[in-house]
Amino acid sequence: MKSDPLMLKAREEAVDCPHNHICLKGEQGHLCKVASEHGDKVLFLQNDQPKKLCPYCHAFGDDDICTCPVRYRLYSEYRI
């Protein structure tokens with residue numbers, strides 16, 4: 001995946017990344033699995049995965065949502 005201005009902006013916004021933006025280096029093993037995209041920079045996560053300590057993962061009723069700008073960009077642009 002090539003760098004683009006929107007991805008660089010997303011990385012700058014994701015200052016609390018506990019993984020040091022490893023997903024931008026092609027490492028995908030730690031990425032949360034996305035169930036669906038909802039709204040601006042909000043991803044609903046699949047319920048079949050272990051809970052991770054991440055400042056961008058939030059409980060939302062019975063679901064979890066991800067608000068990481070980088071994760072959102074990867075999913076919305078590349079469906080990763």
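Just so we're clear, the structure is a prediction, and the values are computed from it rather than from any experiment.
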Next on the checklist: Please determine whether side-chain contact (heavy atoms from CB on, under 4.5 Å) holds for the pair R11 and L24, giving the CA-CA distance in whole Å, both sets of side-chain angles, and the decisive distance to 0.1 Å.
Outcome noted: CA-CA 9 Å; R11 181 181 178 153; L24 294 175; 3.8 Å; yes
Checklist outcome for this item: CZ of R71 to SG of C54, rounded to nearest 0.5 Å, is 11.0 Å
Next on the checklist: Distance to the ring centre below 6.0 angstrom and angle to the axis at most 45 degrees; does that hold for R79 and Y75?
Outcome noted: yes
Checklist entry - Hey, what do you get for CD1 (I80) to NZ (K33), rounding to the nearest 0.5 Å? => result 15.5 Å
Checklist entry - What's the spacing between E12 CD and H21 NE2 if we round to 0.5 Å? => result 9.5 Å
Next on the checklist: So S76 and E37, do their side chains get closer than 4.5 Å, heavy atoms only?
Outcome noted: yes
Item to check | All side-chain hydrogen bond (donor to acceptor under 3.5 Å, both in side chains) counterparts of H58, not counting sequence neighbours | outcome: T67
Checklist entry - Quick one: does C23's side chain get under 4.5 Å of V70's, heavy atoms only? => result yes
Checklist entry - Going only through I, L, V, M, F, W and Y residues with side-chain contacts under 4.5 Å, is there a path from L45 to F60? => result no
Next on the checklist: Does any part of the side chain of Y56, heavy atoms only, come nearer than 4.5 Å to the side chain of P69, both counted from C-beta?
Outcome noted: yes
Next on the checklist: How long is the straight-line distance from CZ of R73 back to CD of E13, given to the nearest 0.5 Å?
Outcome noted: 11.0 Å
Next on the checklist: Distance check, rounded to the nearest 0.5 Å: L43 atom CG versus C68 atom SG?
Outcome noted: 8.5 Å
Item to check | Nearest-0.5 Å distance, SG of residue C32 to CD1 of residue I65 | outcome: 12.0 Å
Item to check | Sequence-distant partners of S36, side-chain contact (heavy atoms from CB on, under 4.5 Å), two or more places apart | outcome: F44
Next on the checklist: Between M7 and L74, is the side-chain contact (heavy atoms from CB on, under 4.5 Å) condition met? List the steps.
Outcome noted: CA-CA 8 Å; M7 186 61 81; L74 287 171; 3.7 Å; yes
Item to check | Verify same cluster id: L31, Y78 (apolar side-chain graph, 4.5 Å) | outcome: yes
